There are 2 protein chains.
Amino acid sequence: MTVQNSKKATIYDLSVLSGASASTVSAVLNGSWRKRRISTETAEKILSLAKAQRYTTNLQARGLRSSKSGLVGLLVPVYDNRFFSSMAQTFEAQARLRGLSPMVVSGRRDPEEERRTVETLIAYSIDALFIAGVTDPDGVHQVCARAGLPHVNIDLPGKLASSVISDNRNGAEVLTSAILRHAAQGGALVPDDVVLFGGHDDHASRERITGFHAAKNAFFGIESENDIEITGYSPRMTELAFERFFAREGRLPRCLFINSSINFEGLLRFMGRHDETVFNKIVAGCFDYDPFASFLPFPVYMAKPNISAMLEKGFELLEAAPVHPVVTTIEPQLIPPRTALEGPLDDIRDPVPASRIPASTS
Amino acid sequence: MTVQNSKKATIYDLSVLSGASASTVSAVLNGSWRKRRISTETAEKILSLAKAQRYTTNLQARGLRSSKSGLVGLLVPVYDNRFFSSMAQTFEAQARLRGLSPMVVSGRRDPEEERRTVETLIAYSIDALFIAGVTDPDGVHQVCARAGLPHVNIDLPGKLASSVISDNRNGAEVLTSAILRHAAQGGALVPDDVVLFGGHDDHASRERITGFHAAKNAFFGIESENDIEITGYSPRMTELAFERFFAREGRLPRCLFINSSINFEGLLRFMGRHDETVFNKIVAGCFDYDPFASFLPFPVYMAKPNISAMLEKGFELLEAAPVHPVVTTIEPQLIPPRTALEGPLDDIRDPVPASRIPASTS
DNA sequence: CATTTTTGCACAATCGATGGTGCAATAACC
DNA sequence: GGTTATTGCACCATCGATTGTGCAAAAATG
């Protein structure tokens, strides 16, 4: 029935086959045919022909002509941790819901690479860009602005473009309170028992440090100090920070605030080099959620940013296109230890057979 | 110095500015100018103009004309677990190394969605597709074949296209031996103590089950049976399988083989509903690597597929384009408990300040 | 029946880049 | 100095779709 043409059918092929002009075919296929007063009869003929020929629109051609591509970009620093990969997953779903094609790229925390990557996206004429967790937001912003590309910052403070961010201050305060309360059950605490690891001189870290101190000060009734170990967003540097602390103090702090899951991986490396007893009495809080981290041998509280709310708000901001940059703050959720939340995976239909099957022969 | 033109410069703009023809400008900018005997002088003039105007090639136009886009696709089932997100990360790096732009999409284990997603990629004229962990490889293959799209399967057995797969059989055998040896230190084992959870009726699962049984049979000297709990690749179903087992036996098996990190999340959910004592004596093996899983309160052995080798081989296969499908097998790596490997993250340069900074004032 | 309206569609320019071809002007050669 | 080679570039069709415009034929109107 269908011709197994090796090459893809175009509107011109359908034009010849249907006897209609290419512009008519185009109008029928892109849905604008009513506006163009094409008869239902003609439209139906062309549509069925298109189906038979397995026609699909060449989106490069459409994009070229209409100077929009249907692509939306998401720039993350890295994929391979639960925060950003889950963001990618949610982003993809939300983009498709809006009829857009998601393109996720990573800038690897390198300002130069961030800009290059975004320029590539722009070269593909993406329609909008979500910027999450970049090192140099303003650099990326400028690239976007020059290209007239609508963009929003996700989980970043943007002076130049609208942003949706987690309530880092309050989230950190709640998280810190939780680990303090938990740790206090194991005996009286002193301020030096409570230390924050990770982060950078960026907005999110500053806010979290502020929240951390607010909770600590409220708990102990005095101003805390010398309780922040800045490491950047790198597992290696975080590991070194833990080693330094351990060498100096002969133990870990009883209460650990870890700035992100990436920093948490630094703690994992430290753990790999030390006996389990080192971790007997600690309580950790981490700003980010990872289900496996939640079940580590010590209590781990986590603050889970509300990714889907942030992205949804991001899409709203793109549509509304406010004249002046707007900052929206979204509460993260406190996750108690030993919690395995459902995620995007759970929307997946998986045809599952009964249960036991007989042993296979090797 | 530079005109802050709101719209992007094209070769026509540069043509006017330079006095050269558009085709000359094009040749200069795409590097084919020597072949076209454009003088160095002219080339340099145009190049400097291009820089001043911040010219960037419109890749949709180029793609339309040359009927290739510079895009390579990677189809995964889901992003948000360490295996696939790490694959996405590695894929991006390798694609860029080859001058290509990566486009990662998820098919969410839905045959229909898989095909639709791939068709979208094809509509953007991607040049090649990597297919990883899809439910219906043959369906996707047909879509690709019809479009004449070169593709390889990653970690999937492909009858119709070339594939690169993990050595699931041997990997599972090694992994099973490891957990058996470890568990045996805690007292004599019987075959019923050793159970595999997860998987599907797919090639990878079958191979792993074969390897699992091979190791078990070698260890116990008898054929094992009734030791497989098929759950599909879904956390929820896996959780239920653990609950069923627990309800029946009053305990978990001492030796758990978990088919993938996604299934492992099912165990996490089970853990969230049960006391820590239930996990006191168990030893787990998981086919996949997740650094946080490696530090859970019980010993977790993991088999880490060699993602970068698989992808590299995939690119090679695409370039070589063998006449008949080729299957390449790559050994996974056994990762002992409490191991935090370095990953793609470690290539990231992160400008890190010294150490302690003074307490910030809230 | 003549005129106005409406219907249904075709024509052609356009998006930005590519690459085959052709043609002057200059250089090389006998 | 006349002829052949070479250099250096311009012209133009093309990729596949979109969209403003124009114009017959059919229908509605008086």
Side-chain angles (χ1 to χ4, degrees), chain A residues 5 7-47 50 53-71 122-127 147-148, chain B residues 5 7-47 50 53-71 122-127 147-148:
Chain A
N5 275 337
K7 286 302 104 192
K8 303 208 64 184
T10 70
I11 52 170
Y12 299 98
D13 301 328
L14 296 183
S15 160
V16 171
L17 289 170
S18 68
S21 76
S23 62
T24 299
V25 174
S26 170
V28 169
L29 293 171
N30 69 30
S32 69
W33 57 279
R34 290 203 172 282
K35 218 168 24 208
R36 286 184 149 265
R37 300 188 318 232
I38 309 293
S39 70
T40 308
E41 200 183 3
T42 310
E44 276 168 359
K45 176 168 44 160
I46 291 176
L47 285 173
Q53 298 295 317
R54 301 180 170 284
Y55 171 86
T56 56
T57 308
N58 181 324
L59 295 178
Q60 299 211 75
R62 168 181 292 173
L64 175 58
R65 180 57 235 251
S66 49
S67 62
K68 47 199 307 260
S69 58
L71 296 167
I122 291 175
Y124 282 106
S125 310
I126 58 168
D127 297 337
Chain B
N5 276 337
K7 286 300 103 191
K8 302 208 64 184
T10 70
I11 53 170
Y12 298 99
D13 301 328
L14 297 183
S15 160
V16 172
L17 288 171
S18 68
S21 75
S23 64
T24 298
V25 174
S26 169
V28 168
L29 293 171
N30 70 26
S32 70
W33 55 281
R34 291 202 169 282
K35 221 170 20 215
R36 286 185 148 262
R37 299 187 319 228
I38 309 294
S39 70
T40 309
E41 202 183 2
T42 309
E44 277 167 359
K45 177 170 39 161
I46 292 176
L47 285 173
Q53 299 294 317
R54 302 182 171 284
Y55 171 86
T56 56
T57 308
N58 181 324
L59 295 177
Q60 297 210 79
R62 169 182 291 173
L64 174 59
R65 180 58 235 248
S66 50
S67 63
K68 47 202 305 264
S69 59
L71 296 167
I122 290 174
Y124 282 107
S125 309
I126 58 167
D127 298 336

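As the structure is a prediction and not an experimental result, all values here were calculated from the model. Just so it is clear: chains get the letters A, B, ... in the order the sequence lines come, proteins before strands, and each one is counted from 1.
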### Query
Donor-acceptor pair, Asp127(A) side chain versus Ser69(A) backbone, under 3.5 Å?
yes
### Task
Could you state the atom-to-atom distance from CD1 of Ile11(B) to P of dC15(C) in whole Å?
12 Å
#### Entry: Residue Arg65(B), side-chain heavy atoms: nucleotide from dC15(C), dC15(D), dC12(D) that is nearest
dC15(D)
### side chain to side chain donor-acceptor pair (under 3.5 Å) evaluation trace for Ser39(B) with Thr42(B)
CA-CA 5 Å; Ser39(B) 70; Thr42(B) 309; 2.7 Å; yes
### Query
Reckon Ala27(A) touches a base, only the sugar-phosphate, or nothing at all at heavy-atom distances under 4.0 Å?
nothing
### Message
Base, sugar-phosphate or nothing for Ser66(A)? Non-hydrogen atoms, less than 4.0 Å.
### Response
nothing
#### Entry: Spacing between Leu59(A) atom CG and dC15(C) atom C1', to the nearest angstrom
15 Å
### Query
OP1, OP2 of dG16(D) versus side-chain N and O of Tyr124(B): anything below 4.0 Å?
no
### Message
Using a heavy-atom cut-off of 4.0 Å across all strands, would you classify Thr57(A) as base, sugar-phosphate, or nothing?
### Response
sugar-phosphate
### Message
Quick check: on DNA chain D, is the nucleotide nearest Leu64(B) upstream (toward 5') of the one nearest Ala20(B), or the reverse? Name the residue that is more 5'.
### Response
Ala20(B)
## Note on the structure
Which of dG16(C), dA10(D), dT18(D) is nearest the side chain of Ser26(A)? It is dT18(D)
#### Entry: Audit row: Lys8(A), Ile122(B), side-chain contact (heavy atoms from CB on, under 4.5 Å) steps and yes/no
CA-CA 10 Å; Lys8(A) 303 208 64 184; Ile122(B) 290 174; 3.7 Å; yes
### Task
Would you classify Thr42(B) as touching base, sugar-phosphate or nothing, given that sugar-phosphate means primed atoms plus P, OP1 and OP2, and contacts are heavy atoms under 4.0 Å?
sugar-phosphate
### Query
Tell me: NZ of Lys68(A) to C1' of dT19(D), nearest whole Å?
15 Å
### Message
In whole Å, I'd like the distance from the CD1 atom of Ile38(A) to the P atom of dG8(C).
### Response
9 Å
## Note on the structure
Trp33(B) CH2 to dG20(C) P, in whole Å, measures 19 Å
### Query
So what does Ser39(B) touch, heavy atoms closer than 4.0 Å: a base, only the sugar-phosphate, or nothing?
sugar-phosphate
## Note on the structure
Lys35(A) atom NZ is separated from dT18(D) atom C1', nearest whole Å, by 11 Å
#### Entry: CA sep, side-chain torsions, deciding dist, call: Ser125(A), Asn58(B), side-chain contact (heavy atoms from CB on, under 4.5 Å)
CA-CA 7 Å; Ser125(A) 310; Asn58(B) 181 324; 4.1 Å; yes
### Query
Between dG16(C), dC12(D), dC9(C), which nucleotide has the shortest distance from any of its atoms to the side chain of Ser23(B)?
dC12(D)
### Query
Rounded to whole angstroms, how far apart are CZ on Arg37(B) and P on dG22(C)?
13 Å
### Task
Spell out, as yes or no, whether a donor-acceptor pair under 3.5 Å connects the side chain of Thr24(B) to the backbone of Ala20(B).
no
### Query
Arg62(B) side chain N/O closer than 4.0 Å to the phosphate oxygens (OP1, OP2) of dT18(C)?
yes
### Query
Do Arg36(A) side-chain and dG20(D) base share a donor-acceptor contact under 3.5 Å?
yes
### Query
Any side-chain N or O of Asn30(B) less than 4.0 Å from the OP1 or OP2 oxygen of dT18(C)?
yes
### Task
Using modelled atom types only, decide if a donor and an acceptor are shared between the side chain of Ser18(B) and the backbone of Leu14(B) within a distance under 3.5 Å.
yes
### Task
In whole angstrom, give the distance that lies between atom CD of Glu41(A) and atom C1' of dA26(D).
14 Å
### Toward the 5' end of DNA chain D, by each residue's nearest nucleotide, Thr10(A) or Ser21(B)
Ser21(B)
### Query
Does Tyr12(B) have a side-chain nitrogen or oxygen under 4.0 Å from the phosphate oxygens OP1 or OP2 of dT14(C)?
no
